[in-house]
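Quick notes on the structure that follows.
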2 protein chains.
Amino acid sequence: MKQSNICPRFEKAISLLSQRWTALIIYQMVSGPHRFCSLQSSIGISGKVLSERLKDLELKGIIKRDVIPETPVMIEYSLTEKGYALKPVLNEIENWSQSWVEVKSAEE
Amino acid sequence: MKQSNICPRFEKAISLLSQRWTALIIYQMVSGPHRFCSLQSSIGISGKVLSERLKDLELKGIIKRDVIPETPVMIEYSLTEKGYALKPVLNEIENWSQSWVEVKSAEE
DNA sequence: ATACTTACTTACATAAAGTAACTGATGTCC
DNA sequence: GGACATCAGTTACTTTATGTAAGTAAGTAT
């Protein structure tokens, strides 16, 4: 059962961003290119899911993958123009979180 | 393993919006209050998950639940101020989707 | 040859979501 | 008053997604 009257473009965008980790991966990359292991440790995602997400995001034209033949080999992931265009979305989420999200622990 | 150096407020916001259906539910409600069954049919979510999400969103202060004793009983869900404040996020997603998301079928 | 690094993959376990039938409160029809 | 209908869920069961931890492949370095 899948009948919606919502704009299909919007729905696709939402389903992309509603996938776990996707937004965080893009957020990390807004600040510059990242490598597999740095993403893995900075956002705490498993290697398995990270590689799935990166493949999917590459397929969708949001990120690109570059092999840099250093030693040892280094794979650099960075945002495409399409991916970078998501920055305003992330900025708005950040704004909202600053205004409305509370942190429980006392380290404010 | 969950070690991140990302702002905890932002991370909470992301984890909220990254939950499947949540953004679509909020999006529907931006245009006004909705009932359980109307949400169910308009976004194509199962009753089970919808009731989970609504409870969770109410708990987080994003929506409120009003019982209207009509016939038959009607439950109205609407955004709180905190929930409505997410509108700019959804607008940016909409902007992005208009510029960058393609629809495959020929009904453009 | 052995060990070390990065970038993954694979096999298996757990958590989340989908499906469809069912409950409970209220009300209408006959 | 009994049968039926509606809305708002809930429950039991299946499928899909994610987590965990070990393993693989390519390329040095010793």
Side-chain angles (χ1 to χ4, degrees), chain A residues 1-4 6 11-12 14-29 32-60 62-79, chain B residues 1-4 6 11-12 14-29 32-60 62-79:
Chain A
M1 186 191 286
K2 188 118 216 191
Q3 17 89 271
S4 58
I6 300 165
E11 227 183 333
K12 270 180 113 176
I14 286 284
S15 87
L16 174 82
L17 294 170
S18 287
Q19 241 187 335
R20 198 166 184 184
W21 303 115
T22 301
L24 270 181
I25 291 169
I26 295 167
Y27 175 72
Q28 287 291 306
M29 289 191 187
H34 278 261
R35 314 167 55 171
F36 193 91
C37 64
S38 92
L39 284 169
Q40 206 176 342
S41 62
S42 67
I43 68 185
I45 187 180
S46 70
K48 178 197 164 200
V49 179
L50 179 56
S51 83
E52 283 174 11
R53 287 296 180 277
L54 292 172
K55 269 180 204 153
D56 186 51
L57 288 170
E58 195 188 356
L59 204 82
K60 286 178 172 138
I62 288 165
I63 64 173
K64 66 182 203 296
R65 189 187 118 114
D66 295 306
V67 179
I68 295 168
E70 279 187 3
T71 166
V73 70
M74 173 171 156
I75 313 274
E76 200 178 73
Y77 293 96
S78 50
L79 294 176
Chain B
M1 187 190 286
K2 190 118 216 192
Q3 18 90 270
S4 58
I6 300 165
E11 227 184 333
K12 270 182 112 174
I14 285 285
S15 87
L16 174 82
L17 294 170
S18 288
Q19 241 187 334
R20 199 165 185 183
W21 303 116
T22 302
L24 271 181
I25 292 169
I26 295 168
Y27 175 72
Q28 288 292 308
M29 288 189 188
H34 278 262
R35 315 166 55 168
F36 193 92
C37 64
S38 93
L39 285 168
Q40 208 176 341
S41 62
S42 66
I43 68 184
I45 188 180
S46 69
K48 177 196 163 197
V49 180
L50 179 56
S51 82
E52 282 175 11
R53 287 295 180 278
L54 292 172
K55 269 179 205 155
D56 187 51
L57 289 170
E58 195 189 357
L59 204 79
K60 286 177 171 136
I62 288 164
I63 63 173
K64 66 180 202 295
R65 190 187 116 116
D66 294 305
V67 180
I68 295 168
E70 278 187 4
T71 166
V73 70
M74 171 170 157
I75 312 275
E76 202 176 73
Y77 292 96
S78 50
L79 294 176

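So that the names make sense, note that chain A is the first sequence line, chain B the second, and so on, each numbered from 1.
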Across nucleotides 8-18 of chain D, 5' to 3', mark each nucleotide with B, S or - according to how protein heavy atoms within less than 4.0 Å reach it. SSBBB-----B
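- Minimum heavy-atom separation, A:R35 to A:V73: NH2-O, 4.5 Å.
- Atom P of nucleotide C:dC8 and atom CD of A:E58 are separated by 9 Å, given to the nearest angstrom.
- Closest of all the heavy-atom pairs between B:I6 and B:E11 is O-OE1, 3.9 Å.
- Of all heavy-atom pairs spanning A:D66 and A:S78, the tightest one is OD2-OG, 4.2 Å.
- Within the 4.5 Å cutoff, side-chain heavy atoms of A:L16 are placed close to those of A:I62.
- Following rounding to the nearest Å, B:L50 (CG) and D:dC7 (C1') show an atom-to-atom distance of 13 Å.
- The backbone N or O of A:K55 sits nowhere less than 3.5 Å from a side-chain atom of A:R65 that would complete a donor-acceptor pair.
- Axis deviation across the helix from C:dA1-D:dT30 to C:dC30-D:dG1 amounts to 10°, comparing end segments of five pairs, rounded to 10 degrees.
- The distance from atom CD1 of B:I63 to atom NE2 of B:H34, rounded to the nearest 0.5 Å, is 11.5 Å.
- Remark: B:I43 CD1 to B:S38 OG distance equals 9.0 Å, nearest 0.5 Å.
- In this structure, A:E58 CD and A:R53 CZ are separated by 15.0 Å, a value rounded to the nearest 0.5 Å.
- Rounded to whole angstrom, the span from the CG atom of B:D56 across to the C1' atom of C:dA17 amounts to 15 Å.
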